[in-house]
Amino acid sequence: RWQDVLAGETCDALICDPPYGIRTHRGALSLRADGIKPTIDYSQMSEQDVAEFASAWSERVKGWICVMTSHDLVPAWERELLAQGRYVFAPLPVINRYVLRIPGDGPGSGAVWMVVSRPRTRAFSGWGSLPGWYIRGQGDRASKRLGGKPLGLMRRIVADYSRPGDLVCDPFAGAGTTLSAALLEGRNAIGSEIDREAYEEAKRSIGFEGDLIDGQAFHSQHRFQFG
């Protein structure tokens with residue numbers, strides 16, 4: 001759990017794709033058109049979880065916090081980040097892939113929402129203009145994990161919301177895509193992942209050796225822990 005292995009950590013930017021709300025999880029667990037039931041082996045995010053996360057991280061992140069979420073949790077993220085004194089922007093659509101609505105009773109969805117916030121300081125008010133949306137490129141390879149984002153997409157987001165040499169944190173690292181994106185963009189990276197299978201996959205994709213890496217046992221640019 002990030003609460004355990006990242007306790008007390010600080011960073012320059014926090015970019016993550018945590019679990020979504022209950023409505024999205026129910027939809028993802030429903031039967032596909034071919035009759036196969038997808039599996040999600042992690043729990044949904046509640047509004048209480050959002051409040052805990054925003055309270056824990058807002059003062060520990062020196063710069064931007066970028067959180068991808070489902071539409072039903074957008075109000076909670078906005079409310080809790082505002083309550084921590086951050087400036088919160090209108091949610092940005094992140095278009096990964098079109099998802100057909102299984103019942104066939106209306107429009108499908110091709111986007112998740114990224115809630116972006118920054119400190120209310122002069123330094124960040126002059127950061128510069130940024131895109132109002134992100135779209136998966138034709139050359140972006142899909143993630144192997146359910147809900148994962150392509151590496152190319154995450155590289156663009158990391159490049160926009162951090163600077164070279166910054167420490168980028170992902171407390172919900174999954175298969176390590178955001179951490180890999182940060183390293184490829186010349187940033188430092190730290191993260192945690194609660195699922196053992198995803199953690200092992202992330203280690204392979206990033207190039208870790210050993211287990212339970214920390215800043216002393218491995219280079220400080222590659223701190224990644226299993227919680």
Side-chain angles (χ1 to χ4, degrees), residues 2 5-6 9-18 57 60-69 92-97 111-118 124 127-227:
W2 61 263
V5 296
L6 296 179
E9 293 285 354
T10 61
C11 61
D12 297 295
L14 189 150
I15 301 172
C16 64
D17 187 15
W57 282 103
R60 292 157 53 189
V61 180
K62 301 174 185 177
W64 296 92
I65 293 179
C66 304
V67 179
M68 295 188 195
T69 190
L92 308 181
V94 177
I95 302 174
N96 185 21
R97 61 186 178 88
V112 299
W113 300 93
M114 188 165 74
V115 178
V116 175
S117 71
R118 61 164 173 78
F124 285 92
W127 186 271
S129 297
L130 296 172
W133 61 86
Y134 289 89
I135 302 175
R136 173 182 170 182
Q138 291 184 346
D140 290 344
R141 297 173 59 183
S143 171
K144 296 180 181 179
R145 287 187 62 80
L146 181 64
K149 306 302 182 291
L151 178 61
L153 178 68
M154 295 312 302
R155 288 187 68 170
R156 293 192 291 276
I157 293 173
V158 166
D160 284 342
Y161 289 97
S162 63
R163 301 293 196 219
D166 279 355
L167 177 61
V168 175
C169 179
D170 183 358
F172 302 92
T177 303
T178 299
L179 302 180
S180 295
L183 297 174
L184 289 169
E185 291 298 323
R187 280 67 169 163
N188 301 320
I190 182 172
S192 62
E193 172 54 42
I194 198 169
D195 179 75
R196 166 61 71 175
E197 182 179 348
Y199 170 73
E200 295 295 342
E201 184 178 342
K203 288 202 301 179
R204 289 191 295 270
S205 67
I206 298 171
F208 279 114
E209 296 179 359
D211 194 15
L212 298 179
I213 309 303
D214 60 33
Q216 300 301 316
F218 204 75
H219 195 281
S220 62
Q221 288 186 328
H222 302 76
R223 289 147 67 201
F224 182 42
Q225 296 186 343
F226 175 76

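Excluded from the calculations below are hydrogen atoms, water molecules and symmetry mates; all remaining heavy atoms, backbone and side chain alike, are included.
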### Message
Assess whether a salt bridge exists between Arg163 and Asp12, defined as any Lys/Arg side-chain N lying under 4.0 Å from an Asp/Glu carboxylate O.
### Response
no
Considering all heavy atoms of both residues, which atom of [X] and which atom of [Y] are nearest to each other, and what is their separation?
X      : Y      : answer
Ala182 : Ala189 : CB-CB, 4.2 Å
Ala175 : Ser205 : O-OG, 3.1 Å
Asp17  : Met68  : OD1-CB, 3.4 Å
Val61  : Trp64  : CG1-O, 3.5 Å

### Query
Parallel, tilted or perpendicular for Tyr161 and Tyr134, by the 30°/60° rule?
tilted
### Message
Classify the ring geometry of Trp2 against Trp57: parallel below 30°, tilted from 30° to 60°, perpendicular beyond 60°.
### Response
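Ring orientation of Trp2 relative to Trp57: tilted.
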Distance, nearest 0.5 Å, that separates [atom1] of [X] from [atom2] of [Y]:
X      : Y      : atom1 : atom2 : result
Arg155 : Thr178 : CZ    : OG1   : 12.5 Å
Met154 : Lys149 : CE    : NZ    : 8.0 Å
Glu201 : Arg196 : CD    : CZ    : 13.5 Å
Leu6   : Leu14  : CG    : CG    : 9.0 Å
Asn188 : Leu167 : CG    : CG    : 6.0 Å
Leu184 : Leu151 : CG    : CG    : 6.0 Å

Hey, are the side chains of [X] and [Y] touching, using non-hydrogen atoms and a 4.5 Å cut-off?
X      : Y      : result
Ile15  : Asp170 : no
Asp160 : Pro131 : yes
Arg118 : Val116 : no
Met114 : Ile157 : yes
Thr69  : Val112 : no
Val168 : Cys11  : no
Leu92  : Val115 : no

### Query
Between Arg187 and Ser162, does any side-chain donor sit less than 3.5 Å from a side-chain acceptor?
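The criterion, which ignores hydrogens and geometry beyond distance, is satisfied for Ser162 and Arg187.
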### Query
Between Glu200 and Lys203, does a salt bridge (charged side-chain N to carboxylate O under 4.0 Å, His left out) hold up when you go through it step by step?
CA-CA 5 Å; Glu200 295 295 342; Lys203 288 202 301 179; 3.4 Å; yes
### Query
Sub-3.5 Å donor-acceptor pair from the side chain of Ser192 to the main-chain atoms of Pro171, do we have one?
yes
### Query
Backbone N or O of Glu9 within a donor-acceptor pair of the Arg60 side chain at under 3.5 Å?
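A pair under 3.5 Å: yes.
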